[in-house]
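Structure record follows, encoded as structure tokens.
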Amino acid sequence: MVEALARRMARGIAAPLSLGDDDREVLEFASKLLVVCVLDVTVILAVACLLRVVPQVVTAYLTVVVLKSFAGGAHASRVGPCLVTGILVYSAIGLLARAAAPLGQGAAWTGYTTVAVVAVFAFLRHAPAPPPHKPIKIQARRKALRTGSLLALASVLAASLVWLLRPFTEPGAFWAALLGMVWQSLILFPATQRLFSRL
């Protein structure tokens, strides 16, 4: 269904532009990514609305998007498993973050420190983590993505630290950002990549 919609979109755009087969193929791939992304966000937010954890899910999702843009990580090979995984993971993060919101500053500092250590280790050891079938061959690109990954992680950790030093009104969002960092760290590991490639 997603592939068919992407093909129709690509044909509709390519026809008036008189694009060749190669350009149409790239356009079809981009259309598929767009459709999958919109579907993913729509379904995840719909479930978050039902569970009443929208702020937490949005915070976690944006945290992962920022980090994954540079660091990469595990991808499911098909749309269905990707969507189901996203729903389960972000719903769980939202519910856990909401449950953790009443915890005090001591727990917040412990959580922050633990997640920071885990995330820094994962990023230093495994970022960037491209899909197994698309290794990064150009060393300069790998270096740029690695630098971007570490800067993105430092930015998210700094924003979380600001929350700790001067708490905002939504503590659940703080915990959601931490859990988003944990999820992004997990999907960098080779074992997680192998598991997802089978989905």
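Positions are given from 1, in the same order as the sequence printed here.
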Exercise for review: Go through the steps for Val182 and Val118 under the test side chain to side chain contact (heavy atoms under 4.5 Å, CB included), then give the verdict.
Suggested key: CA-CA 8 Å; Val182 169; Val118 169; 5.7 Å; no

What I'd like to find out is whether the side chain of [X] reaches to under 4.5 Å of the side chain of [Y], using heavy atoms alone.
X      : Y      : result
Leu45  : Val58  : yes
Val43  : Leu83  : yes
Leu124 : Leu150 : yes
Ser160 : Met181 : yes
Tyr112 : Leu157 : yes
Gln139 : Arg142 : yes

Does one hydrophobic cluster hold both [X] and [Y], with members joined at side-chain heavy-atom distances below 4.5 Å?
X      : Y      : answer
Leu103 : Trp109 : yes
Leu51  : Trp183 : yes
Val41  : Val54  : yes
Val117 : Phe121 : no
Val65  : Leu88  : no

For [X] and [Y], which heavy atoms make the closest approach, and how far apart are they?
X      : Y      : value
Ser185 : Phe123 : OG-CE1, 4.0 Å
Gly72  : Leu188 : O-CD2, 3.6 Å
Gln184 : Leu67  : CG-CB, 3.6 Å
Leu164 : Gln105 : O-NE2, 3.2 Å
Gly180 : Val64  : O-CG2, 3.5 Å
His126 : Pro190 : CE1-CD, 3.4 Å

Rounded to the nearest 0.5 Å, how far apart are [atom1] of [X] and [atom2] of [Y]?
X      : Y      : atom1 : atom2 : value
Leu96  : Trp175 : CG    : CH2   : 10.5 Å
Gln56  : Phe174 : CD    : CZ    : 13.5 Å
Leu153 : Phe70  : CG    : CZ    : 12.0 Å
Leu50  : Ser91  : CG    : OG    : 9.0 Å

Practice item. Taking Arg98 for its side chain and Ala176 for its backbone only, find out whether a donor-acceptor pair lies under 3.5 Å. Key: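 No, Arg98 side chain to Ala176 backbone: no donor-acceptor pair under 3.5 Å.
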
Review point. For Ala71, does its backbone N or O pair with a side-chain atom of Ser149 as donor and acceptor, under 3.5 Å?
Key: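 Yes; judged by distance alone, with no hydrogens or angles, the pair exists.
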
Point to revise | Test side chain to side chain contact (heavy atoms under 4.5 Å, CB included) applied to Val47 and Thr42, Val53, Ile87, Val57, the passing residue | key: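 Per the side chain to side chain contact (heavy atoms under 4.5 Å, CB included) rule, the option paired with Val47 is Ile87, out of Thr42, Val53, Ile87, Val57.
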
Exercise for review: Run through Val156, Leu179, Leu178 and flag the one making a side chain to side chain contact (heavy atoms under 4.5 Å, CB included) with Thr63.
Suggested key: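 When Val156, Leu179, Leu178 are each tested with Thr63, the side chain to side chain contact (heavy atoms under 4.5 Å, CB included) holds only for Val156.
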
Practice item. Using the side chain to side chain donor-acceptor pair (under 3.5 Å) rule, take Tyr61 and Asp40 through it: C-alpha gap first, then chi angles, then the decisive distance, then the call. Key: CA-CA 11 Å; Tyr61 194 89; Asp40 192 45; 3.2 Å; yes

